[in-house]
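Data block below; observations after.
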Amino acid sequence: MKKANLKVYNTLSREKEKFVPVHPGRVGIYVCGPTVYYHSHLGHAKSYITFDVVVRYLRWLGYKVKYVQNITDVGHLLDTGEDRILTEATKEKLDPMEIAEKYTRSYFEDMDALNVKRPNISPHATGHIMEQIELTKILLDKGYAYESEGSVYFDISKFSNYGKLSRRKLEDQLPGARIEVKSEKKHPADFALWIKAPKEHLMKWKSPWGIGYPGWHIECSTMSMKYLGETLDIHGGGMENAFPHHECEIAQSEAATGKQFVKYWMHHNMVLVNGVKMSKSLGNFVTIKDALKKYSGEQIRFFVLTTHYRSPLDFSDKVLKGAGEGIKGIHITFKRVTELAQTAKNGKLDSKMNKVFETYKQKFIKAMDDDFNTPVAISVLFDFGREVNNYLDKNIQVSKQTLQTIYNFYSPFAGDILGILPFSKQPIIEGTPFIEFLIELRSKLRSLKQWDLADEIRLKLKNLGIILEDKTNKTNWRIG
RNA sequence: GGCGGCGUAGCCAAGUGGUAAGGCAGAGGUCUGCAAAACCUUUAUUCGUCGGUUCAAUUCCGACCGCCGCCUCCA
């Protein structure tokens, strides 16, 4: 266990707090997962990359982390009154569960492409209907809920702490600001724990209150507490979910257990596209799969991490291109180090380089300790890279030990924690022998000072996406 | 109407009560046959606007302007 100086911004207190988990050395974290009714979009990318780095850093610090992220495969209502999964099922002429399965796979595919590590547990809402019914029963027994026309609602008036996360007062809200209030509720803000299913509803289950399906908020309370205990260390999600979703989770959970539900609430900001909210109706909805057609996984991941998680992220071609140039610089330096290491000889570790290593290591940790400040952590990577290049430019014979030390910076920090070292499957260049033949030929032309022909070869290769770099004794090539 | 986030160079983006990290783009230079890569130099007297507190504010307070989110579901 490393010395922990981590501070986490807690939405509950609106302050950065020292991170102290409930059980020493162990962290239980729950993050709101996707509703699997369509391909994931850039908003999901920001969310899951954010918490992926949180988990990776906690693990690097030495915590044993249990990361739980739900898969919402029970559809919830659209403003049209339709259910998202059902709508898509009808459109694609598939069973709702086929839709859920299809997009669950799509989701994991996308996360893999972005180097997001899988959660330890990905519980499905439909697999925990019994538990959700049980929790609803407990709330009814304790008097926090009431049944009305086949549905069960949480009685907000019984839970005095309602609003403590979002700091909203019920009387300030505009009931029915955007949707008509159901008359079967005692108070407009009462929310459903169990909903009576209309006849045509496809996803429905038996319950003590008749045929129906669970309310939106109850699955998170149920599954998080089932796998992480009654008090979670961290609960993460998007800011747009702080109210009402997270507020309702707190109400349900704390009413049922009498204990604090979550110690640290973490909320990330939104994704914009060219400064505008991303939405299907505006036609600027970008799926991760679409983005991956234009940009590498590394590039997207790097781009997400160059902005702090609590700041909005504005996606545009211009900025993605810039991010691509930035990550390229880091990769080239890293490659330079690993290539040199292959032929380097044993020797002493250069104390100067070791000092550089220590200095930047401390800076990196300091940045991450400050509420996971990845933009600063990345800037440390750039500063370190400059030191490394400078050093490598000035020293011809660098020992294996020194190069190993440099590697020991990149590997845990850029690699294990930020996850931005090269990870995509590199395309297999079938023409490698031909490329190398051309380079050999070009070298001969160069030794004969036949610059025009040599340059023509270089230009043609460049047009094919192969960049040549002439070094003192040899020519290196890479995919540009 | 209420709750919350944001506004820093051409673009992206950190940050702090004591005088503005880093990246991309641009300019100049070193290296190179020329490139590429790398390195060096350079690019905000200024941090939405107007007031206030202070010896000192971009950083604290107040007002205002603008953008975004939430008060149905949405990462």
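Residue numbers begin at 1 in each chain, while the letters A, B, ... track the order of the sequences.
Residues satisfying the side-chain contact (heavy atoms from CB on, under 4.5 Å) criterion with A:E436, sequence neighbours excluded, are A:T432, A:W477.
Using a 3.5 Å distance cut-off with no hydrogens or angles, the side chains of A:T475 and A:E469 do not pair a donor with an acceptor. Side chain to side chain, A:D369 and A:Y57 meet the donor-acceptor criterion of an N or O pair below 3.5 Å. In this model, no donor atom of one side chain and acceptor atom of the other lie less than 3.5 Å apart for A:Y103 and A:D73.
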Item to check | Per-nucleotide protein contact string for nucleotides 22-31 of chain B, where B marks a base within reach and S marks sugar-phosphate only (heavy atoms under 4.0 Å, - for neither) | outcome: SSSS------

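In the interface, the side chain of A:N373 is not paired with the base of B:G15 through any donor and acceptor atom under 3.5 Å apart.
Taking atom CZ on A:R167 and atom C1' on B:G5, their separation rounds to 14 Å, with Å as the unit. Going from atom CZ of A:R310 over to atom C1' of B:A13 covers 15 Å, rounded to whole Å.
Under 4.0 Å is where a charged nitrogen must lie from a carboxylate oxygen, and between A:E325 and A:K328 at least one such pair does. Electrostatic pairing of A:K460 and A:E456 counts as a salt bridge here, judged by a charged N lying under 4.0 Å from a carboxylate O. Note on A:R336 versus A:D393: salt bridge recorded, some NZ/NE/NH1/NH2 to OD/OE distance being below 4.0 Å. Between A:R168 and A:E247, no side-chain nitrogen of the basic residue sits less than 4.0 Å from a carboxylate oxygen of the acidic one, so the salt-bridge criterion is not met.
When Watson-Crick and G-U wobble pairs are counted only if both distances are under 3.5 Å, B:C67 pairs with B:G5.
Contact annotation: A:S311 does not reach the phosphate of B:C12 (side-chain N/O to OP1 or OP2, under 4.0 Å). Between B:C73 and A:T35, no contact under 4.0 Å exists linking OP1 or OP2 to a side-chain N or O.
Taken residue by residue, residues 6-14 of chain A places heavy atoms nearer than 4.0 Å to RNA chain B at A:R14.
Residue A:I332 is classed as a sugar-phosphate contact, given heavy-atom separations below 4.0 Å to backbone atoms only.
Mapping A:V376 and A:M239 onto RNA chain B by nearest heavy atom places A:M239 at the nucleotide closer to the 5' end.
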